[in-house]
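Start at 1 and go down the list; that is how both ligands and their atoms are numbered. Because only heavy atoms are used, hydrogens play no part in the values below, and waters and symmetry mates are left out as well, while side chains stay in.
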Amino acid sequence: MLSRLPEDSILQHHIRMIRRASRPRLGLTTSALVIATALVSAQTRITPPSNKYSPSEDVKLGQDAAREMRQQLPILRDDEITSYVEGLGRRLVNAIPPELQHPEFHYTFEVVNVRDINASALPGGPTFVNRGMIETAASEGEIAGVMAHELSHVALRHGTAQASKAGKYEIGSVLGQIAGAVIGGGWGQVVSGASQFGFGAAFLRFSRDFEKQADLEGTHIMAAAGYDPRDMANVFRRIEKEGGSGGPQWLSDHPNPGNRVEYIEQEAQQLRVTNPVRDTRAFAQAQAHLKGLPKAPTTEEAVKKGGGRPTGTSGRNAPRPSSSVEGPSKSYKTYNEGNQFEIAVPSNWREQPNNDRVTFAPDGAYSSGNFSHGIQAGITRNESHDLRKATDELIQSLSQGNNLSRPGGFERLTIGGRQALRTIVTNTNQDGSREGIEIFTAQMPNGNVFYALGVAPENTFDSYRSVFDRVTSSVRFLED
Ligand SMILES: [Zn+2]
């Protein structure tokens, strides 16, 4: 598993300062009350973390991830609910302090018709709130609390900041995991699950210092928007209570940095709520309206059904049947992937970059990151420095939502001069058809792992294996 990102001491320093400054308020003497008044505006200052990406890159990446989310998840098309959430979101966005407003950003709000408690905001502004979040909130302030936290991640540009820290090849993975975090397990087709590889725990989450920043900035936004920031503490307390194993996905994406409720409440004491929201009839109406709609599925059920899209028997985005797919060409073409590696593939396979990975597939065999014939490759992080363990984790992540057979034996080889492993698994599609997947992994320096997944329908798999061998033996690493 990936190690945690280094703790950022800046924020903690601010928190310590506030703690010290606020201690006298605990007294009940007159002088303590005077100090309290003087401290009213002493909110924690939040400095956005350093970031190698431009705000317009946030926008581009966020839009790509949003598109993927809309494909995977059912969006609630209900004017009353959507305009309610939009109104709430707009109010919060207007309260983002000027120094964190990026003119490129465009905040949009959509409601996902699933009952799990979750919300997610993507870089540059696309924001998704689960119906379950609205249904279970005890007050409008609670929804505002979760949304203000999410919007703070966006305004502070945490997605790309995390990618900046993590290294050059990880940008897509961050987004893949953001989408994956909402989608959860259960990708319909085998190969699109690879983006979760190695991110199962730590990288799928924001670091603890980013979480703390989003909490604190979120309380500022809430107060400026007219909400009591203590409602953020309330909703997190409730989410934690419902947590535990299989608890709300929100918690595993936004881990408690420690003493979350306490520091939120402490920060809330420093804040003055301006123009407080008192009329929450719209909230009551929205909840009542949702009660009248057919019950929402869980995220997992929705994803299995194919999200908002009409589906065929083998799931959404299913490539066309194999009969229309041309066999691999005998001539090969070499590609340079992000100056990370070179790879040669049959010349009739098209290059399909998708965030952190690239897929090569013939016409008719690729759709939105899924493919029925071809090979997918990428470099990802897995700091176990144990290739067998990393490979097991890859298989584990692929088996989420797929019906994989247990792998056969592992064979040692080298790829690009690095120690490598290969093994074969079989996936049974929803329509009962089966496909073979040859999995290659190679240990890179610095905890990186190169992987390649060769996929072909079971009846042609054997003939494709020699192609996969030739492709992987062409791999040349360009760094280190
Ligand atoms: Zn968070």
Side-chain angles (χ1 to χ4, degrees), residues 2 4-5 7-8 11-12 15 44 46-49 51 58 61-62 65-66 69 89 92-93 96 100 105 107 109 112 116-130 132-133 137 142-166 173-184 199 201-222 227 229 231-240 242-243 247-264 267:
L2 186 72
R4 286 201 174 281
L5 294 166
E7 293 290 317
D8 186 336
L11 179 68
Q12 305 211 329
I15 289 164
T44 307
I46 307 293
T47 309
N51 198 313
D58 280 46
L61 294 158
M69 297 226 346
L92 292 167
V93 166
I96 295 172
L100 297 179
F105 283 18
Y107 291 90
F109 299 91
V112 181
D116 320 60
I117 300 173
N118 207 351
S120 174
L122 302 172
T127 303
F128 297 83
V129 178
N130 279 9
M133 182 74 244
E142 288 198 359
I143 308 172
V146 168
M147 287 176 76
H149 173 100
E150 298 288 344
L151 293 174
S152 299
H153 279 310
V154 177
L156 292 161
R157 305 184 54 219
H158 282 164
T160 45
Q162 186 131 320
S164 301
K165 280 188 184 184
S173 310
V174 171
L175 297 167
Q177 50 96 347
I178 292 168
V182 178
I183 294 160
F199 308 109
F203 211 75
L204 204 128
R205 310 160 171 187
F206 285 118
S207 63
R208 293 152 139 242
D209 51 321
F210 287 6
E211 282 307 312
K212 203 172 244 175
Q213 279 203 330
D215 289 339
L216 296 178
E217 188 59 51
T219 61
H220 304 168
I221 292 171
M222 284 183 85
Y227 291 102
D231 274 342
M232 184 193 277
N234 292 339
V235 71
F236 289 170
R237 200 185 278 123
R238 221 160 43 74
I239 290 175
E240 299 249 347
E242 292 172 30
Q249 180 72 39
W250 195 89
L251 257 190
S252 61
D253 305 337
H254 304 273
N256 185 340
N259 303 318
R260 177 171 244 161
V261 164
E262 290 79 1
Y263 69 67
I264 290 171
E267 186 74 6

Inset, instruction - Decide if the gap between the ring center of His149 and the ring center of Phe236 is smaller than 6.0 angstrom. - result: yes
Legend entry - N/O/S atom of His149 inside 2.8 Å of the Zn ion (ligand 1), strictly under: yes
Inset, instruction - With the Zn ion (ligand 1) at the centre, find the angle made by OE2 from Glu211 and ND1 from His254, to 10°. - result: 100°
Inset, instruction - Would you check if the side chain of Thr127 reaches a backbone N or O of Gly125 as a donor-acceptor pair within less than 3.5 Å? - result: yes
Legend entry - Any donor-acceptor N or O pair under 3.5 Å, side chains His158, Glu211: no
Inset, instruction - Compute whether any side-chain donor of one residue and acceptor of the other, for Ser120 and Glu150, lie under 3.5 angstrom apart. - result: no
Inset, instruction - May I ask you to check whether Asp215 brings an N, O or S atom to under 2.8 Å from the Zn ion (ligand 1)? - result: no
